[in-house]
Each structure stands twice: as structure tokens, then as C-alpha cells.
Amino acid sequence: MHRTKVKVLEGVLDANDTIAQANRADFDRAGVTVVNLMSSPGAGKTTLLETVLGSLEGVRVGVLEGDVQGTQDAERIAAVHTRTGGHVPVAQINTDPGFGGECHLDANMVRSALPSLPLADLDLLVIENVGNLVCPAEFRIGEDVRVMVSSVTEGEDKPFKYPLMFRACELVLVNKIDLLPHLDFDLEEFLANLDDVNPGVEHMLVSAKTGEGLDAWRDWLVRAATREPAAV
Amino acid sequence: MHELSIASAIVATVERHAGGRPVVTVNVSIGRLRQVVPDSLQFCFGMVARDSVCEHARLQIEIIPAVLRCAACEHEWTIDEPPFRCPACASGNVAAIRGEELGVDSIEIEEMSGEMSEATNGHKEDACIAPR
């Protein structure tokens, strides 16, 4: 017996990234901008979609919901009425049956759900990832842009604890600011921490409950839907 | 617990290079900026390696330090934690040039003496046993 060393030199996530590129090619062909929306559980991702998706001027939007179990979020999105009296098309991925109960979406899960979405009729697809501040940031799914929600109830230290997530995104929605008077949360410190981890990253102060800041979020989505696709 | 997904991806990668032969060691590199917990990865690797060529393999993890480079002044430095900002010129326009690795570098395979040691999909090197 002897031992042989074999060079491999492959990225562990190369297979995922290949599928992500295939997803991206499909999105580009259909002319759809894709937003990967991430946060911890309960930060307000679904509410921040419910409150604006019915009123995106001139943008046909669809949603792909990712959860370990349950269809509650998809049902909430399906109940949103658009200004033209229609509904927001929505599909659900549950990672529990078939995907091992994964705590994140990966490119293959998203690919498996694409036939359930009318891509040709959409300008914008929001993929609401599984609530988790660690794992979703590791897996590309074919998105154009990554957005995260960080709510003020989570504490100002989170950018330092989850730098991968905070560095991965182009926009941070700081949600639940209506609760600031009741919390010890130091907003200035949070924003300084955020800027240390992802210098210059765009952020918006919002409250899905009172509506504060939601116009900016709505406008951002409209702009995202109409921007030129970035290079893959 | 994305370590389970990553461990599965490692085993799948190794399977493609091992040509069905038992693997003794799997050498992987993980950048400091990845949020992969080595102990969790070891645990998950042990689970998913069962009934594969990795069943008796040791997972050797090398942690790669994070090196950032400033686009403004070209300063390079190693970091352990934020701020991700140039210590020389304070620019935030910085990029990681090391520390985001997540890859299988090589595998060590047990072979019968005298057997041709061509891997199915890999590049053969001289036989060696890395001292650990």
C-alpha cells in the first residue's frame, strides 16, 4: 500500500455557483431583476414586502418565499392586492421536505421553484430567504442584489457578530424604528458598526408598522427593477 | 448549520476525484472571513462521509488569514475583526485578497502498491504523506 496525493483545487461551492449562474441566465433572459432578501427570523422581511409590493409603480413583481416549514409568509404575500386589482404571484420553497431542513436557500432549491413562477411576466423577483444571519450569506442563488433587514430589537453589535452577512449586502433596512423610544438600542453606534463592517453601504431607517421610511424602500425597489443587469 | 451543506459538498467534490479509492486525508482551506465553524464542519463531515470514499478520511482544515487591500492607496494588511477600513488612509474602498477561500485543495488516497495511480479527474503528484 502507498499513498498518493491528488490535487483538487476546487471551490466547495462551485457546484452551487454553477447552478446560480444558470438561474441568473434565466432571469436575464426573462428581463427580471432578482433581490435576495435576508435577515434573522422575525426582523420584518415579509411585512416590509407586504407593505410596499402592492404599490410599485409600473413594476410587475413576484415573490419566492423560503422557509424551513409552513406557508404563512406566502399566504400573506398572496393576499396583497396590486393597484390594478391583481395579486402578487408567489411561490414557496420549504427546505424541510426534500432539502434536509436547510437553514438557507441554495441555488438548486431556487432552480427547482422557477417553473412555479411566471418569470416572463415579471420585472422584479424578490426571494425572501430563510430567516438566519449566517448561512444564507454563503450561498449565491442567482440574484442581482442582496438586501438585508436588521431590526433595532436585535442590538447594535450585530454587524460585528455577523460580518459576512452585513458585508454581503448592498442595502440594509433598519426596521422597527418605531420601537426606539422603548429600547436601549443606540442607533448611532449601530450605524457606526455597520459602516466599520461594510463602509459606505446604503441604509434606510424604516418602520413597517408606522410606514416611516417605506417610500424610500418602495422607490429603491422600483429603481432596482429598472436597472441594467450587472455582469454575472 | 450550513456546515452540513458544506460537508456534503466537500464529500461530493472528493468523490469526483478519488476514482472510488479510499481517501485517507482531505485537505481543505477555509478563509477567515467565511463563517464556517471548524468543529461543526468536522462533526458534519464525519456524518456525511459514511458509506463514501471519505468514510475513514481525516479532514485537515487550514484557516487562511484575511488580507485586505485598499483600492485607494494600495496598502495591504491582515485583519482579524472589523473595521474593514484602510488603517493607512481610512478609505472604505477595500477588498479581500485572501480570507474568502472555501475549497478542497487536495486529497490523499490509499492505493495498492504497483497499481497505476491515475486519478479520474485530478492531477497526480508524487506520492507523499504529509507530516501532521
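Chain naming here is simple, since letters A, B, ... match the order of the sequence lines and numbering starts at 1 in each. Here the structure is a predicted model, which is why all the values come from computation and not from measurement. Below, all heavy atoms of this structure are taken into account, side chains as well, without hydrogens, waters or symmetry copies.
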- Query: Given that the side chain runs from C-beta out, which part of B/V24 has a heavy atom under 4.5 Å from chain A: side chain, backbone, both or neither?
  - Reply: side chain

- Message: Between B/E110 and A/R3, does any NZ, NE, NH1 or NH2 come within less than 4.0 Å of an OD or OE carboxylate oxygen?
- Response: yes

- For A/P199 and B/G92, which heavy atoms make the closest approach, and how far apart are they? CB-CA, 3.4 Å

- Message: For the CG atom of B/D105 and the NZ atom of A/K5, what is their distance to the nearest 0.5 Å?
- Response: 8.5 Å

- Task: Using non-hydrogen atoms and a 4.5 Å limit, figure out which bit of B/Q35 sits close to chain A: side chain, backbone, both or neither.
- Result: both

- Message: Taking the side chain as everything from C-beta on, heavy atoms only, tell me whether A/V134 gets closer than 4.5 Å to B/H2.
- Response: yes

- Query: Once you round to the nearest 0.5 Å, how far does CD of B/E108 lie from OG1 of A/T4?
  - Reply: 9.5 Å

- More than 12 foreign heavy atoms under 6.0 Å from CD of A/E212: is that the case here? no

- Are side-chain heavy atoms of A/V8 and B/V14 found at a separation under 4.5 Å? no

- Task: Check whether more than 12 heavy atoms from other residues, nucleotides or ligands sit under 6.0 Å from atom CD of B/E81, and answer yes or no.
- Result: no

- Message: Apply side-chain contact (heavy atoms from CB on, under 4.5 Å) to residues B/T13 and A/V12 and explain how you reach the verdict.
- Response: CA-CA 7 Å; B/T13 303; A/V12 170; 5.6 Å; no

- Item | Contacting region of A/F139 [heavy-atom separation from chain B under 4.5 Å] | side chain

- If you round to the nearest 0.5 Å, how far is CD of A/E138 from CD of B/E100? 9.5 Å

- For the pair A/R167 and B/F84, evaluate side-chain contact (heavy atoms from CB on, under 4.5 Å) and give the outcome as yes or no after the intermediate values. CA-CA 9 Å; A/R167 281 179 63 73; B/F84 289 74; 3.1 Å; yes

- Measure distances from B/L33 to the heavy atoms of chain A and classify the residue's part below 4.5 Å as side chain, backbone, both or neither. backbone

- Message: Nearest 0.5 Å, please: how far is CG in B/L4 from SG in A/C135?
- Response: 10.5 Å

- Message: Is A/N198 in contact with chain B via its backbone, its side chain, both, or neither, using a 4.5 Å heavy-atom distance?
- Response: neither

- Item | Test side chain to side chain donor-acceptor pair (under 3.5 Å) applied to A/E102 and B/S5, step by step | CA-CA 8 Å; A/E102 288 288 13; B/S5 304; 2.5 Å; yes

- Message: Can you confirm whether the side chains of B/H17 and A/E10 place a donor and an acceptor under 3.5 Å from each other?
- Response: yes

